[in-house]
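Counting starts at 1 for both ligands and their atoms, in listed order.
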Amino acid sequence: MPDTTSSAPLRIALAGLGTVGAGVIRLLDANADLVTARAGRPLEIVAVSARDRNRDRGVDLSGFAWEDDMTQMASRGDVDVVVELVGGADGPALTLARDTIAAGKGLVTANKAMIAHHGLALAESAEAQGTALKFEAAVAGGIPIVKGLREGAAANSIEHIYGILNGTANYILSTMESSGADFATTLKDAQELGYAEADPTFDIEGIDAAHKLAILAAISFGARVDFEAVACEGISRVRAADIAQADALGYVIRLIGMADISTDSSGAPVLLQQVKPCLVPKGHPLAHVTGPTNAVVAEGNYSGRLLFQGAGAGEGPTASAVVADLIDIARGEAGAPFSVPAAALQAMAPAESGARIGQTYLRFTVSDRPGVLAEITAAMRDADVSIESLIQQGRANDGGEVLVAMVTHDGPESCVTHALQLLADSESLTAPPLVMKILED
Ligand SMILES: NC(=O)c1ccc[n+]([C@@H]2O[C@H](COP(=O)([O-])OP(=O)(O)OC[C@H]3O[C@@H](n4cnc5c(N)ncnc54)[C@H](OP(=O)(O)O)[C@@H]3O)[C@@H](O)[C@H]2O)c1
């Protein structure tokens, strides 16, 4: 257990000296006085670990012990808290996390993949050990959303939580919007500028946002973390034509993670968790979130709508969140990692998304031949989907594919799903339709 009663330094072992790890060292050095004053005691790094001992990281490591095997940090007698900034849902990061908690030491991590997959078990162990498990940096980087929900909004029943949880996807969508360029070109530019990784799969396919959403949903609704239940769709199928069409209709496209709680027919709570590209009205606060910024909206029954916005990644913002957790631990503030004790988190079945009433944008890629529009509109009519607007975008010169975009009136999503089932075997459709929810103002 960290010593929380004295003014003795909080002794830290830091695993991972990459972007975030080096940032933590720099922040603790630059802001040492104010951090000490707020924590009530100094925060002192005693040991560090990374793969390559000889790499120049632009920070002075000479005052710290070096561990070749980071998992050994858990058993060091001179350490109160381990900070895990390595990454990966499993492997050495998870071993280190388990061993640290089992040894009764505090654990701070920025590892959303690990918390989304193993957070519940780690929280159970931490609570059994009476030690701290903290992961502010795992969700939306520098934005204090975990603290915002666990502390600032703790008196509220959260009715909705949703937001822009991945900076890379948001950079790509908002750049496509301002430049008119297509997805592939924009992704390539983002990679060259360092906004997207060489393998961008986790970011553009929504998996990274889904990790964060599963954590937010657990804290917001007292649900057991259930990453597998997040319905996840990325942005790689969004075309420049969709963005132009959305613009003409008064919307922008954003990758939105959203979680909602409701009840099923027997009155049992069910949890909707999804990450999908959505149309956002231009007047909505999330429509103004551009570039790599993240933003989360939490609607509390007493607080009303709360908007948290800021840098979702990067050395400084992420280090800021890590050190805030360390300050909490130094002050002796542990608390249940997911706001209520892990044993009290409820297992909630996934909600049927079709129960939602709302407007939907659909874009069909079709062969340019007579009768196609009639076929689509007939399917909509037969499924009770009422169409607000329908636009055929361009005509291919060679009789190839054209795009048909439509917006429905308010209605159950299950009707849209039914219409799509009716069209599933259509030979007129040359690719699966792109379906996006339209967010309300
Ligand atoms: N970057 C961000 O803006 C950001 C934002 C929010 C959350 N996060 C999370 O923070 C964590 C760290 O991210 P990062 O961007 O700092 O990653 P990074 O720059 O790739 O750094 C990872 C560090 O871990 C070390 N490492 C890898 N495998 C190791 C092993 N087996 N033993 C010891 N050290 C090992 C690496 O060592 P070498 O340097 O020697 O290769 C490196 O120092 C991840 O969980 C990430 O999801 C990052």
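Within the 4.5 Å cutoff, no side-chain heavy atoms of V108 are placed close to those of I12. Using a 4.5 Å cut-off on side-chain heavy atoms (C-beta onward), T100 and V79 make no contact. F227 has its side chain out of reach of Q273: every pair of non-hydrogen atoms, C-beta onward, lies at least 4.5 Å apart. Taking 4.5 Å as the limit, some side-chain heavy atom of E136 sits within range of a side-chain heavy atom of I145. Between R305 and V297 the shortest side-chain heavy-atom distance falls below 4.5 Å.
Near G87, the atoms of ligand 1 lying under 4.0 angstrom from a non-hydrogen atom of the residue are 44 (C), 45 (O). The L17 neighbourhood of ligand 1 comprises atoms 23 (C), 42 (C), 43 (O), with distances under 4.0 Å to a heavy atom of that residue. Every atom of ligand 1 with a heavy atom of D52 under 4.0 Å away is listed here by number and element: 40 (O). Under a 4.0 Å criterion applied to the non-hydrogen atoms of K112, ligand 1 contributes the atoms 6 (C), 7 (C), 8 (N), 47 (O).
In this structure, the protein non-hydrogen atom closest to atom 42 (C) of ligand 1 is G18 N, 3.7 Å. Closest protein heavy atom to atom 13 (O) of ligand 1: V20 CG2, 3.9 Å. Among protein heavy atoms, atom 5 (C) of ligand 1 sits closest to T318 OG1, 3.3 Å. Among protein heavy atoms, the minimum distance from atom 12 (C) of ligand 1 is reached at L85 O, 3.3 Å. At the shortest separation from atom 46 (C) of ligand 1 among protein heavy atoms lies A110 O, 4.2 Å. With hydrogens left out, the protein atom closest to atom 19 (O) of ligand 1 is T19 N, 3.0 Å, a heavy atom. Among all protein heavy atoms, the one lying closest to atom 34 (N) of ligand 1 is A50 CA, 3.2 Å.
In terms of heavy-atom proximity, I219 sits nearest to S339 at CG2-CB, 4.2 Å. Scanning both residues, S220 and I161, for their nearest heavy atoms gives OG-CD1, 3.5 Å.
Considering both main-chain and side-chain atoms, E84 never comes within under 3.5 Å of ligand 1 through any nitrogen or oxygen pair. At under 3.5 Å, a nitrogen or oxygen of R51, whether backbone or side chain, sits near a nitrogen or oxygen of ligand 1. Remark: ligand 1 and M70 share no N or O pair separated by less than 3.5 Å (distance only, no angle test). Remark: ligand 1 and G16 share no N or O pair separated by less than 3.5 Å (distance only, no angle test). Ligand 1 has an N or O atom lying under 3.5 Å from an N or O atom of R57, backbone or side chain.
Relative ring orientation between H117 and H211 is described as perpendicular, the plane-to-plane angle rising above 60° on a 0-90° scale split at 30° and 60°.
Put simply, CG on D208 and OG1 on T168 are 7.5 Å apart, with the number rounded to the nearest 0.5 Å.
Counting non-hydrogen atoms of neighbouring residues, nucleotides and ligands closer than 6.0 angstrom, the CD atom of E192 exceeds 12 such neighbours. Around NZ of K282, the count of heavy atoms belonging to other residues, nucleotides or ligands within 6.0 Å exceeds 12. Residue D441 places its CG atom among more than 12 non-hydrogen atoms of other residues, nucleotides or ligands, all under 6.0 Å distant.
Looking at P92 against ligand 1, only its side chain comes within 4.0 Å, counting heavy atoms. With a 4.0 Å heavy-atom cut-off, ligand 1 is reached by the backbone of A137 but not by any atom from C-beta on. In V86, the parts holding a heavy atom less than 4.0 Å from any atom of ligand 1 are both the side chain and the backbone.
Under the 4.0 angstrom criterion, atom 17 (O) of ligand 1 counts as lacking any protein heavy-atom contact.
Residue contacts with ligand 1 include G314, since one of its heavy atoms falls under 4.0 Å from the ligand. Distances from ligand 1 to the non-hydrogen atoms of M114 include no value under 4.0 Å.
Side-chain contact, E84 with N111: a donor N or O sits under 3.5 Å from an acceptor N or O.
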